**Student:** 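Below: one structure in structure tokens.
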Amino acid sequence: MDDNLNIHGRTLQEWKKAYPLLSSLIATEEAFWLNEHYESFRQGAGLPLREEDIRDAEARLVRFAPYLQSAFPETRKTDGLIESPLLPIPEMQSYLESVQQIAIPGKMWLKCDSHLPIAGSIKARGGIYEVLKHAEDLALTHRLLTPGDDYAKFSTDAFRELFSRHSIAVGSTGNLGLSIGIISAQLGFQVTVHMSADAKEWKKELLRSKGVNVAEHASDYSKAVEEGRKQAAADPSCYFIDDENSKDLFFGYAVAAYRLKNQLDALQITVDREHPLFVYLPCGVGGGPGGVAFGLKQVFGDHVHCFFAEPTHSPCMLLGLMTGLHDQISVQDFGIDNKTEADGLAVGRPSRFVGRTIETLLSGIYTVEDDELLVLLAALRDQQGIRMEPSALAGMCGPSRLAGSAEGRRYIEKQNLSMKQATHIVWGTGGSLVPESVQEEYYQRGLQMARSRQE
Ligand SMILES: *Cc1c(COP(=O)(O)O)cnc(C)c1O
């Protein structure tokens, strides 16, 4: 790109001078950005969202548990809660230490949102929550429901008949569409999913098989969302799930923090000054990782350190936070192509709402190459027998990047953290619904990549 090119009122040269990291981002090199707006946690940071709103979402999900158990029998083993295991990954940790030749102090765990029931990705948290909340609102308005009722009645004909007169729409790179499509169709809604060009064919086929309308767009995620929003606005009976702006989605994701606290308590894992908690979250538009991070800060305050991970070709949240311009700027403005194998993270313009909410809560963001995601995907399958999709591996290099990079070490020093007893949670965000043949192809490519690196 030409240094004299004008981008939002500044030349590229001026941009690079103001933000030296930009040159690495533009060159799609791996980068590590520390958030200089990070602050010690105080209650009320990230207003106007409140902790009560997350408690409210948590209680609503408990009310819906009897319905979920009957409509989705796979949720019976978690009593109708959509929750995933937290697993130790010592073999993977040793593998990373030996391949990358970096000691990782502390212990690594994997949060398996890849194996969440119903939708097989982190979107089962926010997406399903928002549809359930909308269904509850409609049922209350139409007097089919009174507070205190058993929510198993959401599977009855009266409810399905009501929902069949209403529609739901969403724009997605794939996984949000899967989650919204599956739950909406099950409740009886008419549902349309606007898919960006990155969406995988199998995701579209799976949705069509469940009676979901799939609108295909040749453009990227931001355009697919815009298109969906426009079509929904023209139809008063249509409810649009807005991945870029929805607070309900965000609260649904945030509930994960309370659930994680319970899991850590049950495992007798302490989180305090001597036992810091690090969480590494793959980031697309920001709602999923932002909601989880927001919830975690309410629960653990200064003892939790949240890092986001983005593909080198789609560092939208990094760009938005670093420049403070949020959704006013896109990776494409700087000639970055937003083309990545991590389809769940293929977003060029971040959510402004999320960026502003987490502005002082997030510790930093690093970027990862696609090749690395595939190598990690194959390694996770070999070392631990766990299968995930490429997007879900972005968090996996967090602990070694923190321990092995100058920026990471600077953070640890500045926060004065003792790492010996640290807990590292890699948020594994998706993959259990990936068809066997597609998974095999990722795996083979990862193996090949790892081999070619050894040569
Ligand atoms: C959507 C998604 C993410 C990121 O969530 P955002 O809300 O888009 O930031 C991460 N991993 C997977 C697998 C996803 O589908």
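Residue numbers run from 1 in the order of the sequence given. Computed from a predicted model, the values in this text were never measured in an experiment. We count ligands from 1, going down the list as the structure has it; atoms in each ligand are counted the same way.
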**Student:** Which N or O atoms of ligand 1 sit under 3.5 Å from a protein N or O, and how far apart is each pair?
**Tutor:**
{"unit_1": "ligand 1", "atom_1": "7 (O)", "unit_2": "G287", "atom_2": "N", "d": "3.2"}
{"unit_1": "ligand 1", "atom_1": "7 (O)", "unit_2": "G288", "atom_2": "N", "d": "2.7"}
{"unit_1": "ligand 1", "atom_1": "8 (O)", "unit_2": "V285", "atom_2": "N", "d": "3.1"}
{"unit_1": "ligand 1", "atom_1": "9 (O)", "unit_2": "G284", "atom_2": "N", "d": "2.7"}
{"unit_1": "ligand 1", "atom_1": "9 (O)", "unit_2": "V285", "atom_2": "N", "d": "3.2"}
{"unit_1": "ligand 1", "atom_1": "9 (O)", "unit_2": "G286", "atom_2": "N", "d": "2.7"}
{"unit_1": "ligand 1", "atom_1": "11 (N)", "unit_2": "T429", "atom_2": "OG1", "d": "2.7"}
{"unit_1": "ligand 1", "atom_1": "15 (O)", "unit_2": "K123", "atom_2": "NZ", "d": "2.7"}
{"unit_1": "ligand 1", "atom_1": "15 (O)", "unit_2": "N175", "atom_2": "ND2", "d": "2.7"}

**Student:** Which residue in the set E205, E341, E216 passes salt bridge (charged side-chain N to carboxylate O under 4.0 Å, His left out) when paired with K200?
**Tutor:** E341
**Student:** Looking at E58 and R55, is any side-chain nitrogen of the basic one under 4.0 Å from a carboxylate oxygen of the acidic one?
**Tutor:** yes
**Student:** Quick one: sort the H424 and Y280 rings into parallel, tilted or perpendicular, breaks at 30° and 60°.
**Tutor:** parallel
**Student:** Does one side chain, of S84 or D113, offer a donor that lies under 3.5 Å from an acceptor on the other?
**Tutor:** yes
**Student:** Mind jotting down which residue pairs meet the salt bridge (Lys or Arg N to Asp or Glu O under 4.0 Å) criterion with at least one end in residues 306-327? Sequence neighbours excluded, please.
**Tutor:** D327-R352
**Student:** Test your reading of the model: is there a side-chain donor-acceptor pair from W15 to the backbone of L22, 3.5 Å cut-off?
**Tutor:** no
